[in-house]
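Here is the structure we will look at, set down as structure tokens.
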Amino acid sequence: MIKIYNTLTRKKEELKPINQNRIKLFVCGPTVYDESHIGHARTYISFDMITRYLKNQGLSVFYLQNITDIDDKIIKRASKLGIQPVELARKYEKEYLEDMHLLGVENVNYYARATEHIPEIINQIERLIANENAYETETGVYFDESSFQDFGKLSRRNVEDLNVHRINPDNNKRNPGDFALWKKRDDEPFWNSPWGKGRPGWHIEDTAITELYLGPRYDIHGGGLDLIFPHHDAEIAQMESVSGEKPMVRYWMHTGFLNVKGEKMSKSLGNFLTIRDLLQDYDPDVFRFFVLSTHYRSPIDFSKSALEQSKNSLGRIYKFMGQIIELIESDLNETNDQDENYINKLELARNNFFKAMDNDFNTPEALSIIFNFIRDFNREINEEKVSKSILKRVMLFIMEWGSIFGFKLIGKEYYEDKTKELIDIITDIREELRDRKDWELSDLIRSKLKDLNIVLEDK
RNA sequence: GCCAAGGUAGCUUAGAGGCGAAGCGGUGGACUGCAGAUCCAUUACACGUGAGUUCAAAUCUCACCCUUGGCUCCA
């Protein structure tokens, strides 16, 4: 039984799909105006793991993500660079997808661009106006917060608070908390609409897209903690007003922030790190392990030393796997009289592992079970009590872990490229040999290196 | 001000009333020609502070201290 922490109820609830064993999942995608950063990576790695686990548990998942490819930031940046907004958006969308691929995020079934769903957006706004949930002003079309009783139910804010802290009141709006569905603009990229030229507001693309592909009600909606308010509250208001059905989403899932040295990562603080910067220095798997070694809802503090720790921890698992494979390829007995005992131990560990994952995807606890298991089995292996058939089962268990956490444990060497350092060591040793006038061995080294197209030229 | 999340060994993190957890790191030992890997032991008064409830509190209650975040750009 999988339990999920639902932001809406602030409780863990049993996952019950709306439709048999199918899960419809939507996660808010990025606004593609710049390179993606490691905070994005944290969120999308988390939902990738979640999707992998749901699939492992026999659920059929349709994972949809939007791409916000039109908004103020894109337009501003593009005009600064003297290029078309669409050009900028496509460039960063491409980089985003490449980054995700490198990080092993590969379970999104469909990416939906906002600009390719303008008719659906307009149609949804028209229905909101018809329902008297929205109204038109000189500057655009706005959602009327007072028309939706549950407004703010996800973030648990009340409307009065929202109105007090409004920064720039727009006098055309009925309530300060009303948000734009359609912005009337004709000096920027625009689309024609019943309200003239303009472009969509921030929140409407998601509900237009999810209504099209997932319907008015679906299972899980995810995103970063920072989207709860106002974005997800706005989505609920829009969709539940349009359809009259509720809840729009059964389970709201939010990932915690990634901080750097205890502070929020931001460009102004100078602690901003893009995925590309990160991957200059670290293996994607190491970052992935780092992310999954903290619960997805907890804040996670990024630092070089934390990544070093992750690298060593992950290395332990890779080494164990290497050892297992080596033994399976050895001439060990296929079975022995201890097998039953080990099958029981293995099953116990496996059950505990799944129990941890069932509990709101508790990857840190699941990892601690894996490490305990590895220690115990290392001990047994040292004492040479384990047969080949057991080792094969162990291998399958670790690989199952790998498939859920997103690590390819086979066919991937776990070491850094130290070629340059290695050559330095070899040439140093050869220099030592030459000093000793061991011409035979130093010539042999030179010729062996030449076979590898590495040419040494002595002065 | 309002609303959240959090403070657990040197570090990174789980746990949520009852045998002191996992990894990383440090130290010692076993194994090894040496090293590594691995194992064992050890390092640790482990639970922000002060009260309370309870046979029993890191876990529940209250108060307080501290950190971080959100409060219409945000993953």
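The shown structure was predicted, so the numbers you read here are calculated from the model rather than taken from an experiment. Labels below follow one simple rule: chain letters A, B, ... track the order of the sequence lines, proteins then strands, and each chain is numbered from 1.
With sequence neighbours excluded, the residues forming a side chain to side chain donor-acceptor pair (under 3.5 Å) with D376(A) are R379(A), listed by chain and number.
The ring of F287(A) has its center no closer than 6.0 angstrom to the ring center of Y282(A). Note: Y92(A) and Y96(A) fail the aromatic proximity criterion, with ring centroids not under 6.0 Å apart.
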**Prompt:** Hey, mind stepping through Q238(A) and T207(A) against side chain to side chain donor-acceptor pair (under 3.5 Å) and telling me if it holds?
**Reply:** CA-CA 7 Å; Q238(A) 289 165 357; T207(A) 47; 2.8 Å; yes
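Atom CZ of residue F377(A) and atom CG of residue N382(A) lie 12.5 Å apart, to the nearest 0.5 angstrom.
The phosphate of C39(B) (OP1 or OP2) has a side-chain N or O of N378(A) nearer than 4.0 angstrom. OP1 or OP2 of C39(B) sits under 4.0 Å from a side-chain N or O of R316(A). Proximity of R379(A) to the phosphate of C40(B): a side-chain N or O atom is located under 4.0 Å from OP1 or OP2. Not one side-chain nitrogen or oxygen of S298(A) sits closer than 4.0 Å to the OP1 or OP2 atom of G6(B).
For the ring-ring contact (aromatic ring centres under 6.0 Å, His included) with H37(A), the lone residue among F257(A), Y44(A), F272(A) that qualifies is F272(A).
N362(A) comes within contact range of the sugar-phosphate backbone alone, with a heavy-atom separation under 4.0 Å but no base atom that close.
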**Asked** Given pairs defined as Watson-Crick or G-U wobble with both distances under 3.5 Å, what dot-bracket annotation applies to RNA chain B, with ( ) intrastrand, [ ] crossing, | other strand and . unpaired?
**Response** (((((((..((((....[..))))((((((.......))))))....(((((..]....))))))))))))....
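Residue side chain Q309(A) reaches the base of G23(B) through a donor-acceptor N/O pair under 3.5 Å, judged by distance alone.
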Under 3.5 Å, N/O pairs linking protein and nucleotides 65-70 of chain B:
residue: G70(B); atom: OP1; partner: K264(A); partner atom: NZ; Å: 2.7

